Visitor: 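Can you keep this structure in mind? I'll have questions shortly.
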Amino acid sequence: MLLRLPTSVSEAQECMAEGAVPIGGATLIWATWQRDGFPEQAMSLRDLPEANTIGRETLGGAVILNRIDDRVPEALRRAAATVGTGAVRRTATVGGNIVGSTLRCLLPAALVLEARAVVLDPDSVYETDLTEVLAKGHLLLGLRWRDPITSAYRKLPGEAGGPPPLVVAAALHTADTGGTRLRVAVRDGYDVITESTEYDAGSDSGQVLDDLRRTAVGALHATAWEAVHELVTDLLSRPSGR
């Protein structure tokens, strides 16, 4: 297998056009290749600058999970820190986790940040929503979002060999109308749902929770709702900031 390491977007597009299979850390596909055979060509974006950005409003698809630090919002940072083992986090990438994994531990955090996906295909680079990326398996060049007021993430303990642990993420945003918007995402099993509600900074958190209770998030089972309740209550009690 020939591993190609493009250093420019045009070179990466050329690799794709010639049939190179995109990989990240290969943590999710190596066993499949060993069983079914290796492709003639593979392509990693680890040397592509556009896929390796880390900042308050951007994260590259080729970024290794253990490189994600306090340059990104708390929700993404905590999400990355809970993925697998230390050995996995030293190899797995953002794009591999969101697009290639069935667990997608980073997805709830990306959704509450209202992140948009930057997609690379053989003919163009464009921005789209994460729903399209997941449905079509696009090659993720990176994520972009507007810096939230604050955000949070929690993964409940799971049992070895059991169902995926419950994940809850939340973020507060300044709305275009000048108010504040709360967005919440929950991964329950392999499904991720997200809801949002308006929030008046001077109002009681109980009203916000009542509003969430009337959404699909509020219709989840008791364990999930308790986790949402705790995370949102903590988030709304914080001073404004990261």
Side-chain angles (χ1 to χ4, degrees), residues 3 5-7 12 21-33 42-120 130 133-134 137-145 147-148 150-158 160 163-171 185-187 189-192 194 231 242:
L3 176 61
L5 301 170
T7 58
V21 178
I23 62 170
T27 57
L28 299 170
I29 55 177
W30 194 260
T32 301
W33 284 351
M43 175 184 70
S44 169
L45 301 182
R46 71 188 186 196
D47 291 341
L48 182 63
E50 292 86 345
N52 283 279
T53 57
I54 306 176
R56 286 302 300 171
E57 296 187 338
T58 184
L59 184 63
V63 172
I64 303 302
L65 298 186
N66 76 341
R67 289 181 55 212
I68 298 176
D69 54 26
D70 59 7
R71 285 174 287 179
V72 305
E74 179 182 326
L76 267 178
R77 183 173 73 251
R78 291 190 181 277
T82 67
V83 174
T85 63
V88 169
R89 293 190 293 275
R90 289 191 293 271
T91 306
T93 63
V94 171
N97 183 270
I98 290 178
V99 182
S101 170
T102 56
L103 293 178
R104 298 178 174 133
C105 295
L106 300 187
L107 180 59
L111 289 172
V112 299
L113 293 177
E114 301 179 344
R116 299 276 292 173
V118 182
V119 169
L120 176 67
L130 286 167
V133 173
L134 299 180
H138 290 310
L139 177 56
L140 186 67
L141 189 60
L143 300 172
R144 292 176 183 164
W145 61 87
D147 195 17
T150 188
S151 66
Y153 180 97
R154 182 185 177 196
K155 179 188 284 188
L156 272 62
L166 184 82
V167 166
V168 180
V186 180
R187 186 191 74 190
Y190 293 96
D191 298 322
V192 178
T194 182
L231 192 73
R242 293 160 66 175

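Because the structure is a prediction, the values reported are computed rather than measured.
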Visitor: Count the heavy atoms belonging to other residues, nucleotides or ligands that lie under 6.0 Å from CZ of Arg78, then report whether that count exceeds 12.
Guide: no

Visitor: Report yes if some heavy atom in the side chain of Val186 is under 4.5 Å from a heavy atom in the side chain of Val192; otherwise report no.
Guide: no

Visitor: Can you name the nearest heavy-atom pair linking Thr7 to Pro49, along with the distance?
Guide: O-CD, 3.6 Å

Visitor: May I ask you to test the Pro73-Asp147 pair for a side-chain heavy-atom distance under 4.5 Å?
Guide: yes

Visitor: So how far is it from Leu140 CG to Leu120 CG, rounded to the nearest 0.5 Å?
Guide: 10.0 Å

Visitor: Find the distance between CG (Leu143) and CG (Leu106) and round it off to the nearest 0.5 Å.
Guide: 8.5 Å

Visitor: Going by heavy atoms in the side chains, are Glu57 and Val72 under 4.5 Å from each other?
Guide: no

Visitor: Search all heavy atoms of Val112 against all heavy atoms of Ala185 and return the closest pair with its distance.
Guide: CG1-N, 3.4 Å

Visitor: Are any of the side-chain heavy atoms of Leu113 and Pro148 separated by less than 4.5 Å?
Guide: yes

Visitor: Show your working on side-chain contact (heavy atoms from CB on, under 4.5 Å) between Leu59 and Thr53 and close with a plain yes or no.
Guide: CA-CA 5 Å; Leu59 184 63; Thr53 57; 5.8 Å; no

Visitor: Sequence neighbours excluded, which residues qualify as side-chain hydrogen bond (donor to acceptor under 3.5 Å, both in side chains) partners of Glu50?
Guide: none

Visitor: State the CG-CD1 distance between Leu130 and Ile98, to the nearest 0.5 angstrom.
Guide: 6.0 Å

Visitor: Between Leu45 and Ala62, what is the shortest heavy-atom contact and its length?
Guide: O-CB, 3.6 Å

Visitor: Evaluate Leu141 against Leu48 for side-chain contact (heavy atoms from CB on, under 4.5 Å), listing each step before the verdict.
Guide: CA-CA 9 Å; Leu141 189 60; Leu48 182 63; 3.6 Å; yes

Visitor: One pair to check against side-chain contact (heavy atoms from CB on, under 4.5 Å): Ile23 and Leu3. What are the steps and the verdict?
Guide: CA-CA 9 Å; Ile23 62 170; Leu3 176 61; 3.9 Å; yes

Visitor: Locate the shortest heavy-atom distance separating Leu5 from Ser44; write the atom from each residue and the value.
Guide: CD2-CB, 3.6 Å

Visitor: Shortest non-hydrogen contact from Ile68 to Arg77?
Guide: CG2-CA, 4.0 Å

Visitor: Are Asn97 and Val83 close enough that some pair of their side-chain heavy atoms sits under 4.5 Å apart?
Guide: yes

Visitor: When rounded to the nearest 0.5 angstrom, what distance separates CZ in Arg154 from CG in Leu166?
Guide: 8.5 Å

Visitor: Could you measure the distance from the CG atom of Leu76 to the CH2 atom of Trp145? Nearest 0.5 Å is fine.
Guide: 5.0 Å

Visitor: Output, in order, the C-alpha distance, side-chain angles, deciding distance and verdict of side-chain contact (heavy atoms from CB on, under 4.5 Å) for Met43 and Val21.
Guide: CA-CA 6 Å; Met43 175 184 70; Val21 178; over 6 Å; no

Visitor: With a 4.5 Å heavy-atom cut-off, do Leu103 and Arg187 have their side chains touching?
Guide: yes

Visitor: Return the set of residues passing side-chain hydrogen bond (donor to acceptor under 3.5 Å, both in side chains) with Arg144 (not counting sequence neighbours), or none when no residue passes.
Guide: Glu127

Visitor: To the nearest 0.5 Å, tell me how far Asn52 CG sits from Asp47 CG.
Guide: 7.5 Å

Visitor: Do the non-hydrogen side-chain atoms of Ile54 and Arg67 ever get within less than 4.5 Å of each other?
Guide: yes

Visitor: For residues 84-93, which residue pairs qualify under salt bridge (Lys or Arg N to Asp or Glu O under 4.0 Å), counting only residues two or more places apart or in two chains?
Guide: none

Visitor: Over all heavy atoms of both residues, which pair between Ala152 and Glu74 is shortest? Give the atoms and the distance, please.
Guide: CA-OE2, 4.0 Å

Visitor: Side-chain contact test, heavy atoms from C-beta onward, threshold under 4.5 Å: evaluate it for Thr82 versus Tyr153 and give yes or no.
Guide: yes

